[in-house]
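In what follows, a single structure is set out as structure tokens and then discussed.
Note that the structure is a prediction, hence the values are computed from the model and not measured.
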Amino acid sequence: MLQVCLNGSRGPGDSAVVPMSPESLAESAARAVAAGAGEVRVHPRTPCGRTSLSPRVLAPVLAELRPAVSAVAGAPVPVTTAASAEPEPGRRVERIRSWTVLPDLVSVDWHEPGAEAVVAALLERGVGVEAALWSGTDGPERFASSPPAPGVRRVLVRVTAAGSDGDPEAAARALLSTLAVQPGRPAPAHGLPVPPHGPPVQVHGPPAPPHGLPVQVHSAPAPPHGLPVQVHGLPVLLHGEEDGAWPVLRLARRLGAGARIGLEDTLLLPDGTPARSNAELVTAALAYGRTGF
């Protein structure tokens, strides 16, 4: 599965091709899906460009994006609850409870204060949760002993520029080695199936133990062909950013994990030239290293 991340915290000051409005996000998403993306991640933005969790901002974005990605049956549209959108954890929870249109999947940065309260609010509303575990943070350790961890649908492993120590692939392997990583069952062709209603379910693997998740330390093996890497029985999406975006994408392909690319993670193609669109990055990702993905 290849996810396209449309914008992140970037804006026109970073590149004129970064989509901002609901309409431009929908157009960018449609072209990225046509290029081969199986999932679309978005940071909803206010008219002045600020990332927001407000229902008045989120609802129009989802209304525009869902028809745009309908070419991929069942493709979820994940959003984020990062502190950059609402720094105060209690306010983030209030925003989630006020949503009038629910996203398919929400990424929660486990190292941020209030992450467990945010997860609880999402689960109460029947929204699927993705656990975002960043390099260079205590997120993986927190997740391993977190009571709501067994309720998440997927683990996002993010190798940050600050947490890569100049070698993003080595940083990714080190981060995976601190987690319970093992080959899993074949994943769906276009990401995770996300039911419109009802509580999230654990995808793959046996139920987690009641008192947190044990961390198993070992190297990240290359699974048999076609089998995705898992963390604690959950599917993994592995990605890097900036100079690490392409090396980590290559590693994700080798390990059989989900991967992502887009203007949120990098503005450059593998050869260093500026990308003209998210679709161009998706096309390059699918061709990167070998034919197909």
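From Arg95, atom CZ reaches atom CD of Glu86 across 5.0 Å, with rounding to the nearest 0.5 Å. Separation of atoms NE2 (His111) and CG (Asp138) is listed at 8.5 Å; rounding is to 0.5 Å. With rounding to the nearest 0.5 Å, the separation of CG in Leu65 from CZ in Arg41 is 13.0 Å. Atom CZ of residue Arg250 and atom CG of residue Leu255 lie 12.0 Å apart, to the nearest 0.5 angstrom. Atom CG of Leu263 is separated from atom OG of Ser28 by 6.5 Å, given to the nearest 0.5 angstrom. In this structure, CD on Gln230 lies 13.0 Å from CZ on Arg154, to the nearest 0.5 angstrom.
Listed for the Trp134 side chain is no donor-acceptor partner under 3.5 Å among the backbone atoms of Trp110. The backbone N or O of Leu269 lies less than 3.5 Å from no partner atom in the side chain of Thr273, so there is not a single donor-acceptor pair. In this structure, the side chain of Asn7 does not engage the main chain of Val42 through any donor-acceptor pair within 3.5 Å. In terms of modelled atom types and a separation under 3.5 Å, the side chain of Glu64 and the main chain of Pro60 share no donor-acceptor contact. In this structure, Ser135 contributes its side chain and Thr160 its backbone to a donor-acceptor pair below 3.5 Å.
Annotation for Ala285 and Leu249: closest pair CB-CD1, 3.8 Å, computed over non-hydrogen atoms. Contact detail for Pro168 and Val159: the closest heavy-atom pair is O-CG1, 3.7 Å. A pairwise comparison of heavy atoms in Ala131 and Phe143 identifies CB-CE1, 3.5 Å as the closest pair. Between Ala245 and Ile261, the shortest heavy-atom distance links the atoms CB-CD1, 4.2 Å. Counting all heavy atoms, side chain and backbone alike, Tyr288 lies closest to Trp246 at CE2-O, 3.4 Å. When all heavy atoms of Gly262 and Leu281 are compared, the pair lying nearest together is C-CD1, 3.5 Å.
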Derivation of the side-chain contact (heavy atoms from CB on, under 4.5 Å) call for His239 and Asp265: CA-CA 8 Å; His239 78 101; Asp265 287 348; 3.1 Å; yes

Worked check of side-chain contact (heavy atoms from CB on, under 4.5 Å) between Val157 and Leu179: CA-CA 10 Å; Val157 177; Leu179 302 167; 4.2 Å; yes

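Residues Leu286 and Leu238 share a hydrophobic cluster, clusters being chains of Ile/Leu/Val/Met/Phe/Trp/Tyr side chains in contact below 4.5 Å. Taken together through direct or relayed side-chain contacts under 4.5 Å among Ile, Leu, Val, Met, Phe, Trp and Tyr, Leu102 and Ile96 form part of one hydrophobic cluster. Linking ILVMFWY side-chain heavy atoms closer than 4.5 Å, directly or via other members, places Val18 and Leu268 in two distinct hydrophobic clusters.
In this structure, the side chains of Pro19 and Glu27 stay at 4.5 Å or more apart for every pair of heavy atoms. Side-chain contact between Val155 and Leu237 is absent, with no heavy atoms from C-beta onward closer than 4.5 Å. Put simply, the side chain of Val108 does not reach to within 4.5 Å of the side chain of Glu130, judged on heavy atoms. With a 4.5 Å cut-off on side-chain heavy atoms, Val57 and Arg45 do not count as touching. A 4.5 Å side-chain heavy-atom check between Met20 and Leu25 finds every atom pair outside the cut-off. Residues Asp109 and Leu133 form no side-chain contact, since every pair of their non-hydrogen atoms from C-beta on lies 4.5 Å or further apart. Using a 4.5 Å cut-off on side-chain heavy atoms (C-beta onward), Pro78 and Asp104 make no contact. The shortest side-chain heavy-atom distance between Thr81 and Ser107 does not fall under the 4.5 Å cut-off.
The pair Glu94-Arg97 fails the salt-bridge criterion, with no side-chain N (NZ, NE, NH1 or NH2) lying under 4.0 Å from an Asp/Glu carboxylate O. Remark: Arg158 engages Glu241 in a salt bridge, criterion side-chain N to carboxylate O under 4.0 Å. For the pair Arg260 and Glu39, the salt-bridge criterion is not met [side-chain N within less than 4.0 Å of a carboxylate O]. Taking a cutoff of 4.0 Å between a charged side-chain nitrogen and a carboxylate oxygen, Arg92 and Glu112 qualify as a salt bridge. A salt bridge links Arg10 to Glu242: one of the charged nitrogens lies within less than 4.0 Å of a carboxylate oxygen.
Under the 3.5 Å distance criterion, with hydrogens and angles disregarded, a donor-acceptor pair is assigned to the side chains of Glu116 and Ser146.
Sparse packing is recorded around CZ of Arg31, with 12 or fewer heavy atoms of other residues, nucleotides or ligands lying under 6.0 Å away.
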